[in-house]
Amino acid sequence: MRDLQDRLGYLVLAATALAYFAVYTTSLGRPPGSFDYLAILNTTMPLVLVALGQSLVVLTGGIDLSVGGVVSLCVAITAATGGAPGWIVAVVLLGALCGLVNGLVVAYGRIAPILTTLATLSVYTGAALWVLPVPGGSIVPEVRAVLSNPNVPTGLGWLALAVAGWWVLRRTRFGLRVYAVGSDETAARAVGVPVERVKATVYALSGLCSAAAAVFYVATTTAGDANAGAPFILTSIASVVVGGVAFTGGRGSAMGAVAGAVALTLVIDVLFFAGIDPLYQSLFQGLFLVVAVLLGTGAALLARRRAA
Amino acid sequence: MNRRVAYAVAVAAVVLILGAVLSPGFASWPGLRAVLIVASFTGFVAAGQMLVVLVGGIDLSIPWVLNAAAIVLTTTGLGLADRLPLALALAVGAGLLAGLVNGLGVAWLGVPAVVMTLGMNGVLQGLTLGVSQGLTCGDCGHYAPQPLRDLFAGTVPAALLVWLGAALFVTVLLTLTTFGRRVYATGANPRAAYLSGVGVKGVTVALYTLSGGFAALAGIMLVGYGGQASLGLGDPYLFESIAAVVVGGVSILGGRGDYLGVVAGSLTLVAVTTVLRAQQVPEYGRLMIYGLVILAILFAYGRERAHD
C-alpha cells in the first residue's frame with residue numbers, strides 16, 4: 001500500500017485515460033483514433049518536458065518557478081530565428097545556462113529556491129519580451145516534421161528518449177545523489193555528497209528541459225509568444241504533484257511527473273468531450289489536483305494504520 | 001526591531017530617494033500619493049501572504065480569491081450605493097471562506113500548502129469564469145458603487161487610511177496578543193509549539209482564513225480604484241505578494257518578520273516600477289531590472305545560514 005503514493009502518477013493517468021476513452025466513445029460514437037492520440041502526444045510534449053525538469057528540482061527539495069521565463073525566452077528565440085538546427089542547439093544551451101544561473105544562486109548564494117527562481121523568472125520573461133516584442137515568428141517546416149509531425153508520431157521517439165534519459169540518470173551516481181540531497185541534505189553532506197554541485201546540476205537540467213519544451217511548443221503551434229511560458233509554472237508544479245513526487249524532496253520519480261503531465265492534459269479533453277463549459281475548466285483541474293493528492297495521502301495513512 | 005526589517009526600511013528609503021533624484025515630481029505629494037495607493041494593493045495581499053509565510057506556509061490562491069471577491073462585489077453591488085454593505089459582506093465572506101477551506105485542507109487533511117492553495121486558485125478561477133460567463137452576461141459589467149470610488153479621492157485618500165488600519169490590525173495581532181506569540185512559536189518550530197500547548201492546527205486555519213480575507217480586501221480596493229472588475233485582475237499579485245514579503249525581511253522558512261518590513265517591501269517594489277516607468281524604460285527592461293533588484297536584495301539580506 002505504501003507504494004501507492006509512488007505509483008500515484010500512473011494510477012491517476014490510467015484512471016484519466018479510461019475516463020477519456022469512455023467519454024470520447026459515448027460522445028462521438030466511436031473510439032478515439034490515431035489522429036486523436038497524435039494530437040494528444042503533440043500538445044502534451046512541452047508540458048511533459050517541463051514537468052520532467054521540474055521533478056528533478058523538486059526531488060532535491062527545491063522548486064523552479066523560472067521555468068515559465070526560460071520557456072518564454074526559448075520560445076521567443078526559436079520563433080524569431082525560425083528554428084534552424086543551429087539555433088535550436090543554441091537555444092537548448094541557453095536554457096541550460098539560465099538554469100545553471102538559478103542553480104549557482106541557490107547552491108552557492110544560499111537563497112531559497114522559490115525566491116531565486118521568482119527573481120530570475122522576471123529577468124528571463126523580460127529577456128523574452130526583448131527578443132520577441134509582439135507574438136509571431138515561424139518554424140522551419142523540416143524541424144516541425146522531425147519534432148511534432150502532425151501525421152507521424154515522431155513525438156513518441158523524443159518521449160522515449162526523455163524516458164530513457166531518466167532511466168539512465170537514475171541509475172548513475174548523480175541520480176542517487178539527487179535522492180540523497182532531497183531526503184536529508186545534512187546526512188548527504190556528511191557522507192561526502194557534493195550537495196552544491198548536485199543542486200546546480202538539477203537546475204541546469206531543468207533549464208535544459210524547459211528549452212527543449214520551448215522548441216516543441218513552437219514546432220506544434222508554429223509561432224511564438226513571449227508570454228508562452230507563464231502557464232507552465234503552475235501546470236508543471238501540478239504535474240509533479242499529481243505524479244506523486246513529494247514536495248519535501250527525495251520521494252517520487254520523474255516518470256510519475258511525466259504521467260502526471262499527460263493526465264493533466266487528458267483531463268482537459270475529458271471535460272471537452274463531456275460537454276462541460278470550457279470556462280469551468282480550471283475548476284475541475286483544481287479539484288483534480290487536490291483530490292489526487294488526497295488519495296495519495298489517504299492511501300499512505302491507511303497503510304500506516306494497517307502496519308501499526 | 002528585527003535586523004532584516006531595518007534593512008527593508010532602509011532599502012525602501014533609498015529607492016524613494018533615488019526616485020526623487022531621478023524624476024522630478026516623484027518627490028511631490030501627488031507623485032508619492034500615486035505610489036502609496038498602488039503600493040497599498042500589494043500591501044493588502046502581502047499582509048495575508050506574510051501571515052501564512054510566518055508559519056512556513058504559502059498562499060498561491062491569492063490571484064483568484066482576489067478576482068472572485070472583486071466579481072462578487074460588482075455583481076451583487078450592481079453599482080448602487082445602498083447595496084454596498086451587502087456586496088462588501090459577500091465579497092469579504094467569499095474571501096474568508098476560501099481561506100478557511102485552504103486552512104482546513106492544509107492543517108487537517110495534511111495537503112501540502114502549495115497543492116491546496118494552487119488547487120483552490122484553479123477552483124475559484126473556474127467558478128468565477130463559469131458563473132460570470134466570462135463577464136459577457138448582461139448584468140456583469142457593473143461599475144463600482146460611488147462610495148467605494150470616493151475612497152480614492154482627495155489629497156489624503158481614505159484608501160490609505162484603510163491600509164493604515166490594516167497595518168495596525170496585523171501589527172497589534174502579531175505583537176500584542178497571545179495569538180501573535182503562538183504564530184511566531186508555530187513558525188519557529190511547530191513541534192515545539194504543539195508540545196507546549198499551542199493549537200498549531202487552529203492557528204494555521206486562522207492564518208489562511210485571514211489571508212483569504214486580505215486578498216478579498218485587495219480585490220475590493222482594486223474595484224474601487226479601477227471603477228470596475230476585470231478578469232485576470234489578480235494575476236500580477238501572486239508573485240508580487242511573495243516578493244513583497246521577502247523584500248520586507250520576512251523569512252520564507254517562517255517564524256521571523258513583521259508587517260512594518262512588508263509595508264517597506266511593498267513600497268520598494270512599487271517605487272522601482274514607478275521610477276522605471278517615469279524613466280520610460282520599456283517593459284522588457286522593467287521586468288529584467290525588477291528581477292535583478294529582487295535578486296540583489298536577496299543577496300543583501302535574504303540568504304540562509306551556511307552549512308558547516
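In what follows, every chain begins at residue 1, and chains take the letters A, B, ... in the order their sequences are listed.
No more than 12 heavy-atom neighbours from other residues, nucleotides or ligands sit within 6.0 angstrom of OH on B:Tyr194. Within 6.0 Å of OH in B:Tyr7 there are 12 or fewer heavy atoms belonging to other residues, nucleotides or ligands.
Using a 4.5 Å heavy-atom cut-off against chain B, the contacting residues of residues 125-137 of chain A are A:Thr125, A:Gly126, A:Ala127, A:Leu129, A:Trp130. Scanning residues 240-253 of chain B against chain A with a 4.5 Å heavy-atom cutoff picks out B:Ile242, B:Ala243, B:Val246, B:Ile252, ordered by number. Contacts between residues 265-287 of chain B and chain A, defined by a heavy-atom separation under 4.5 Å, are made by B:Glu283, B:Tyr284, B:Leu287. Below 4.5 Å, heavy atoms of chain B meet heavy atoms from A:Asp277, A:Leu279, A:Tyr280, A:Ser282, A:Leu283, all part of residues 274-284 of chain A.
Counting all heavy atoms, side chain and backbone alike, B:Gly119 lies closest to A:Val290 at CA-CG2, 3.8 Å. A pairwise comparison of heavy atoms in B:Val123 and A:Gly286 identifies CG2-C, 4.0 Å as the closest pair.
Note that the CD atom of A:Gln285 and the CG atom of B:Leu118 stand 10.0 Å from one another [nearest 0.5 Å]. Taking CG of B:Leu298 as the start and CG of A:Leu115 as the end, the distance is 5.5 Å to the nearest 0.5 Å. Going from atom CE of B:Met288 over to atom OG1 of A:Thr120 covers 11.5 Å, rounded to the nearest 0.5 Å. Atom CD1 of B:Ile297 is separated from atom CD1 of A:Ile111 by 11.0 Å, given to the nearest 0.5 angstrom.
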Working for side-chain contact (heavy atoms from CB on, under 4.5 Å), residues B:Ile294 and A:Leu118: CA-CA 9 Å; B:Ile294 294 180; A:Leu118 179 68; 5.5 Å; no

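Only the side chain of A:Leu294 comes within contact range of chain B, with heavy atoms under 4.5 Å apart. When heavy atoms are compared at a cutoff of 4.5 Å, B:Val115 approaches chain A by way of both its backbone and its side chain.
Taking the side chain as every heavy atom from C-beta outward, A:Ile114 and B:Ile58 approach each other to under 4.5 Å.
Ranking A:Ala226, A:Ser122, A:Ala230, A:Ala112 against chain B, the residue ahead of the rest is A:Ser122, based on heavy-atom pairs under 4.5 Å.
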